[in-house]
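Accompanying notes for the structure given below.
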Amino acid sequence: MPWSMLEYLRKKPEIIKESLRKRGLDVSVVDEAIRLDAEWRRQYTKVNQLRHKHNILSKSIAKLKGKEKEKAIKEAKELLKTISEEEKRLRELEEAREKILLSLPNIVHETVPEGLTEEENVPIRFWGKPKVYVGFIEKFKEQTRGFDVEYEVIHWKPKGHADMLTFLGLGTTEKAGEVAGSRFYYLFDDLVWLDIALLMYAIDYLTRKGFTLILPPYMLREKYYLGVTTLEDFRDSIYKIEGEDLYLIATSEHPIAALHANEIITEEDLPLLYAGISPCFRKEAGAHGKDTKGIFRVHQFHKVEQFVFSKPEESWEWHEKLIRNAEELWQGLGIPYRIVNIVAGDLGAVAAKKYDLEAWMPAQGRYREMVSCSNCTDWQSYRLRIRFLKRKGMVRDYVHTLNSTAIASTRAITAILENYQEEDGTVIIPKVLRPYLEMFPKAPKEYIVPRKTRQK
RNA sequence: GCCGGGGUGCCCGAGCGGACUAAGGGGCUGGCCUUGAGAGCCAGUGGCGGUUCGACCGCCGCGCGGGUUCGAAUCCCGCCCCCGGCGCCA
């Protein structure tokens, strides 16, 4: 009924400890929180008794006259002094307890595998028939161990997506680096069309599935930002607007989560399904040296996001549905992928469980993250005060929030540039995207070819 | 950005310094009644804590944060948001 973290602390602290242990974190804070909570309760009772005394006295003053009144007022004033001292102590205890509880990462779900690093993430299924360059066969087999994944051997080495930008003449990161810095890009013509078509494809799919299309604010106040993510993530990835209490969003997940902040949703309105579309801005601090070339890891891209507010008892079902939606989208694109169950140590504080969809990248010989699908249970909703009203018993409870990428434009483009690349460097356009290009005379239709060989 | 009006519970809406405890209505939940549905009647319907766990007791709560007062939904200050008017603007 209340916040799960406080409830666990009081009733089943071992669950919190087990969760922290799985994440490879210090467990001792839990005992400290238990101690603080017990003391807070004692202090709370004490303060309440004092306040009660004062209320009685204060009410009696209205009926008193003359000297008796003076005396009672004096007494009340003295009592107030004591109360404010005890209240101060109460506040300190509560703040200390809250500080610990708010710093705790989400309780990991029982189905989350143990492990601390990315390498230990557990593949759970594979889809598609990857094109594997002969030189990568060993690597491929390693990554598909335990699964019987059909693949096609190719004897030419595909160009990496970064080289493809130059080869096609449809993108430059050098000039963008000069004018905006590293991890920015200029894309031209066909790749821009592709970016737009990918977004259209995703919103078309999701709105047909009953998701409400939403274009959110691209900036949020700090208060709301701290409700959706941790301080560390916030510092590492969020851009601040100079001189204002505003931050550029890292994903539409964040403003969508904040959409129902401080609200009470009626039970019948759940689940609420949203398909967000927005640019995403990320500092990528702490990713130095990783994916420095091309547009795989960039400061800015477009993304269509799935977001669900659900009843607690339905959130695990929705988690599976969201990853299935992402899979259907990527199957539609015809890009081979695998789904991995992220280990506890690599989860991120907000999620209780996370699946990644990783696309096969023929030029790199490995699977790379394209989609991230998380159940955040009540971690965000507690901080943002998003509750719903249960008809039975008229009780309020925190909703669960879930989010999953549908398509992130630049990453999807890298996957297409590598998976749909022909030996001569031509890129075939996935069939599902063509309807979204047809209406534009200047958009590419079936192939993307190098700029210089194209008819103007 | 300026001027004016406003923000009250799940929703609507009264209250505008202490007494009757946020009136009243709607909705919802439970009970009674009924062959059933409905109507009607009764009760419940913010958070936290204590508890002999009883339908019990207490504290806090009227956009958010401060202040005045023995006592604040009510008065004062700051902030956020909404509505109307003016200004500015793609």
Side-chain angles (χ1 to χ4, degrees), chain A residues 1-11 33-102 215-227 241 243-247 255 258-272 279 309 311-312 378 381-399:
Chain A
M1 186 167 33
W3 184 24
S4 62
M5 200 60 84
L6 186 60
E7 192 158 29
Y8 280 132
L9 186 76
R10 286 173 179 171
K11 293 180 183 164
I34 291 171
R35 192 188 65 73
L36 285 165
D37 185 51
E39 206 179 321
W40 175 83
R41 291 208 239 183
R42 274 196 300 277
Q43 185 68 11
Y44 187 72
T45 304
K46 187 175 174 185
V47 167
N48 272 350
Q49 283 163 353
L50 287 167
R51 289 205 274 224
H52 178 57
K53 205 171 154 191
H54 178 260
N55 284 345
I56 299 281
L57 182 61
S58 176
K59 269 176 195 161
S60 76
I61 288 173
K63 294 172 198 138
L64 295 176
K65 291 253 157 64
K67 255 203 173 144
E68 272 187 54
K69 189 167 182 170
E70 296 300 309
K71 200 184 147 205
I73 289 177
K74 201 180 156 208
E75 200 182 324
K77 276 187 178 172
E78 272 161 29
L79 197 50
L80 272 179
K81 217 180 284 173
T82 318
I83 290 172
S84 80
E85 278 161 24
E86 296 299 337
E87 280 179 335
K88 189 172 166 239
R89 172 87 186 120
L90 181 69
R91 231 176 301 125
E92 285 164 0
L93 286 165
E94 185 164 2
E95 275 164 20
R97 182 192 72 188
E98 205 68 355
K99 196 176 164 199
I100 292 178
L101 290 184
L102 286 175
L215 192 132
Y218 297 164
M219 300 178 206
L220 281 181
R221 292 206 169 94
E222 182 178 47
K223 183 178 156 195
Y224 292 91
Y225 237 115
L226 293 179
I241 302 296
E244 306 212 37
D245 178 27
L246 283 173
Y247 298 82
L259 173 64
H260 294 295
N262 305 310
E263 287 182 12
I264 293 175
I265 300 164
T266 43
E267 192 171 16
E268 299 83 75
D269 290 338
L270 293 175
L272 288 166
F309 295 90
K311 293 190 220 178
D378 66 354
S381 62
Y382 174 74
R383 282 150 228 260
L384 293 172
R385 306 266 142 198
I386 310 168
R387 290 172 294 169
F388 74 102
L389 189 65
K390 286 191 198 176
R391 286 291 166 221
K392 200 120 189 143
M394 299 302 281
V395 187
R396 281 141 198 79
D397 197 358
Y398 291 98
V399 301

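Note that the coordinates shown come from a computational prediction; the quantities given were computed from them, not determined experimentally. Numbers restart at 1 for each chain; the letters A, B, ... are given by sequence-line order, proteins then strands.
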Looking at A:Glu87 and A:Arg51, is there a salt bridge between them, counting it only when a charged N and a carboxylate O are closer than 4.0 Å? yes
Could you tell me whether the phosphate oxygens of B:C80, OP1 or OP2, come under 4.0 Å of any side-chain nitrogen or oxygen in A:Arg221? no
Rounded to whole Å, please give me the gap between CD1 in A:Ile265 and P in B:G27. 23 Å
Between A:Glu87 and A:Ile264, whichever has its closest RNA chain B nucleotide further toward 5' is A:Ile264
Within a 6.0 Å radius of atom NZ on A:Lys53, are there more than 12 heavy atoms belonging to other residues, nucleotides or ligands? no
Whole-Å C1' distance, B:C60 and B:C81: 25 Å
Would you measure the distance from the C1' atom in B:U74 across to the matching atom in B:G61 and give it in whole Å? 15 Å
In whole Å, what separates the P atom of B:G66 from that of B:C62? 12 Å
For A:Leu79 and B:G71, give me the distance from atom CG to atom P, rounded to whole Å. 10 Å
Rounded to the Å, how far apart are A:Lys223 NZ and B:C79 P? 15 Å
Between A:Arg221 and A:Tyr247, is there a side-chain donor-acceptor contact under 3.5 Å, judged purely by atom types and distance? no
Contact between A:Gln43 and A:Lys46 at the side-chain level, heavy atoms closer than 4.5 Å - yes or no? yes
Say you pick atom P in B:C83 and the same atom in B:C28; how far apart are they, in whole Å? 30 Å
One thing to verify: whether A:Glu95 and A:Lys99 come together as a salt bridge, which I'm taking to mean a side-chain N less than 4.0 angstrom from a carboxylate O. no
Six-ring centre of A:Tyr44, A:Arg42 cation under 6.0 angstrom, axis tolerance 45°: no
Using the P atom as the reference point in each nucleotide, state the distance between B:C70 and B:C57 in Å, no decimals. 31 Å
Rounded to whole angstroms, how far apart are CD on A:Glu78 and C1' on B:G71? 17 Å
For a quick test of reading the model, state the closest non-hydrogen atom pair linking A:Leu270 to A:Phe309 and the distance between them. CD2-O, 3.5 Å
Here the distance between atom C1' of B:G47 and atom CG of A:Leu6, to the nearest Å, is 12 Å
Could you work out the separation of B:G31 and B:G15 based on their P atoms and round it to a whole Å? 37 Å
Interatomic distance at C1', B:G40 relative to B:A22, whole Å: 28 Å
Which residues share a side-chain hydrogen bond (donor to acceptor under 3.5 Å, both in side chains) with A:His54, sequence neighbours left out: none
Distance in angstrom units between A:Ile83 CD1 and B:U69 P, rounded: 16 Å
Where along residues 35-57 of chain A does a heavy atom come under 4.0 Å from RNA chain B, residue by residue in number order? A:Trp40, A:Arg41, A:Tyr44, A:Thr45, A:Asn48, A:Arg51, A:His52, A:His54, A:Asn55
Inter-nucleotide C1' distance (B:C16, B:C11), Å rounded: 23 Å
Name the stems with RNA chain B in them: runs of three or more consecutive Watson-Crick or G-U pairs, distances under 3.5 Å? B:1-7 with B:80-86, B:10-12 with B:24-26, B:27-32 with B:40-45, B:46-50 with B:56-60, B:63-67 with B:75-79
Given side chains that start at C-beta, do those of A:Glu222 and A:Leu226 come closer than 4.5 Å, heavy atoms only? yes
Let's go through A:Leu90 and A:Glu86 carefully: what are the C-alpha distance in whole Å and the side-chain angles of both, what is the deciding distance for side chain to side chain contact (heavy atoms under 4.5 Å, CB included) to 0.1 Å, and is it a yes or a no? CA-CA 6 Å; A:Leu90 181 69; A:Glu86 296 299 337; over 6 Å; no
Atom CG of A:Asp269 and atom P of B:C11 are separated, to the nearest Å, by 12 Å
When rounded to whole Å, the CD to C1' distance for the pair A:Glu267 and B:C10 reads 12 Å
